[in-house]
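Notes to accompany the following structure.
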Amino acid sequence: MSKAELVILDYWVSPFCLRVKIALNEKGLQYEARPEDLFGGKSELLLKSNPIYQKVPVFLHDGKPLCESTIIVSYIDETWSSPPLLPSCPYGRAQARFWADYIDKKVFDASGNIWRSKGEVPVEAKKEFIKILKQLEEALGDKDYFNGATFGFVDIIAIPLTCWFLAVEKIGGFTVAEECPKISSWTKRCLQRESVAKVVPDPEKVYEFVLMFRKMQGID
Amino acid sequence: MEGAVVLLDFWPSMFGMRTRIALAEKEIKYEYSEQDLWNKGELLLQMNPVHKKIPVLIHNGKPVCESLNQVQYIDEVWNDRAPLLPANTYKRANARFWADFVDKKLYDLGSKIWKTKGEEQEAAKKEFIDCLKLLEGELGDSLYFGGKDFGYVDVALVPFYCWFYAYEQCGNFSIEAECPKLIAWVKRCMQKESVAKSLVDREKVYEFVLQLKKLYGIE
């Protein structure tokens, strides 16, 4: 098989782009991450490849575009089968998709309700965020990873969101380690993997980005 | 593969209808259990503790939640007949993209159409039609979103047709006038037994919406 051309239209701090990069790393694939200037002006290629949402990530496999990070990760898993990211049995896969969907629907928005808030962070926003993480702790249970004994699909969907937690903690005035220790230790475990560590940005840099964004939006 | 299949559902739910269609496509026998959403039963709360919503598919006592998840599960378990997702991985990703688009947009916009009035309603109507036109574009000249064969995106979208009449009445507009290709596609789908027996009467949905409006004090 000739070497495929794999490109990701990227933004360094986007947890959605990070999911795709981690999945590609897990599969041992070489790819080009092309940074987009989301504030200055999106590239023609991005607008053409993702006309519906005009968002990153876009994954281009030999020029064919794929959009929406969870769908891209599924595609990567199905196209390059080793190592498998999803469980082999249909019920296990249904469970994994359920939790990926839960994380997609809940975590980023809930963290946004904290780091985007003007003035005093609403108590409800903090409670909701912690409730969501506690729900995920329950799903994790005593397992090393959401997938079970091995790192997999749900871990890939979730781990990039954790680099935004420092910003949420500093602005919200609480720590994830105290409220949800299991999530904290799962985060550390995932960050030990090279596929994750080599792409996930330093949470301090994410915090700086959030502060800059807040200033830009007139929140601070 | 074999084993008891139960569907916890609510008759007008477009999400429940997706699962009904998938089960019918695969000719799977199942027990349909109508749920009272204003007085949720123990089984529903136990089987979907996270969202407490229908539909819930229970296979051999184990729950699968979220309608698109259920359709994929049904397709994977009963993989010897009536395939719903394409075999080609790129086409499969494209099918998931459009089913996800339907999920992200249509329910919320549709709800705004029957719940609101004035500018908010007009904006919702416009965006709703824009979304349907994008879907028409994706359909193109094919018989179904799945191409020659009825498939995943068809299953994801066609149940919303039951609610179009209610949206039209509440919003005072015609979806068929704006999106004739889509309505032609609906009629093709309705010729399939799995769809015809899973969808509900649109007049009954409109009556239900009027009851909801009364319940929520919406004019």
Under a 4.5 Å heavy-atom criterion, the part of residues 14-29 of chain B in contact with chain A comprises none

Test side-chain contact (heavy atoms from CB on, under 4.5 Å) applied to A:Glu78 - qualifying residues, sequence neighbours left out: B:Thr89, B:Arg92, B:Arg96

Between A:Ile72 and chain B, which part of the residue has a heavy atom less than 4.5 Å away: side chain, backbone, both or neither? neither

Side-chain heavy atoms of B:Asp100 within contact of A:Ile71, under 4.5 Å: yes

For A:Tyr53, I'd like to know if atom OH has over 12 heavy atoms of other residues, nucleotides or ligands within 6.0 Å. yes

By side-chain contact (heavy atoms from CB on, under 4.5 Å) - contacts of B:Lys126 (at least two apart): B:Asp130

With a 4.5 angstrom heavy-atom cut-off, which part of A:Lys105 approaches chain B: side chain, backbone, both or neither? side chain

Around atom NZ of A:Lys143, are there more than 12 heavy atoms from other residues, nucleotides or ligands closer than 6.0 Å? yes

Does anything in residues 86-96 of chain A get under 4.5 Å of chain B by heavy atoms, and if so which residues? A:Pro90, A:Tyr91, A:Arg93, A:Ala94, A:Gln95

Engaged part of A:Pro65 at the chain B interface, taking heavy atoms whose separation is under 4.5 Å: both

Evaluate the side-chain proximity of A:Tyr75 to B:Phe97: yes if any heavy-atom separation is below 4.5 Å, no if none is. no

Neighbour count >12 (heavy atoms, 6.0 Å) for atom NZ, A:Lys48: no

Atom CD of B:Glu193 with >12 non-hydrogen neighbours under 6.0 angstrom: no

Counting heavy atoms not belonging to A:Lys134, are there more than 12 under 6.0 Å from its NZ? yes

Can A:Ile52 and B:Leu134 be said to form a side-chain contact (heavy atoms from CB on, under 4.5 Å), step by step? CA-CA 9 Å; A:Ile52 306 286; B:Leu134 283 169; 3.9 Å; yes

When you look at B:Tyr90 and A:Thr79, which way does the side-chain contact (heavy atoms from CB on, under 4.5 Å) test go after all the steps? CA-CA 9 Å; B:Tyr90 187 78; A:Thr79 306; over 6 Å; no

When you look at CD of A:Gln217, are more than 12 heavy atoms from neighbouring residues, nucleotides or ligands closer to it than 6.0 Å? yes

Under 4.5 Å from a heavy atom of chain A, the part of B:Pro63 involved: both

Between CG of B:Asn94 and NZ of A:Lys64, what distance do you get to the nearest 0.5 Å? 10.0 Å

Within the 4.5 Å heavy-atom criterion, are B:His51 and A:Tyr102 side-chain neighbours or not? yes

Enclosure of A:Glu32 CD (heavy-atom neighbours >12, cutoff 6.0 Å): yes

Please say whether more than 12 non-hydrogen atoms of neighbouring residues, nucleotides or ligands are located less than 6.0 Å from NZ in A:Lys42. yes

Kindly compute the distance separating CZ (A:Arg97) from CD (B:Gln70), expressed to the nearest 0.5 Å. 12.5 Å

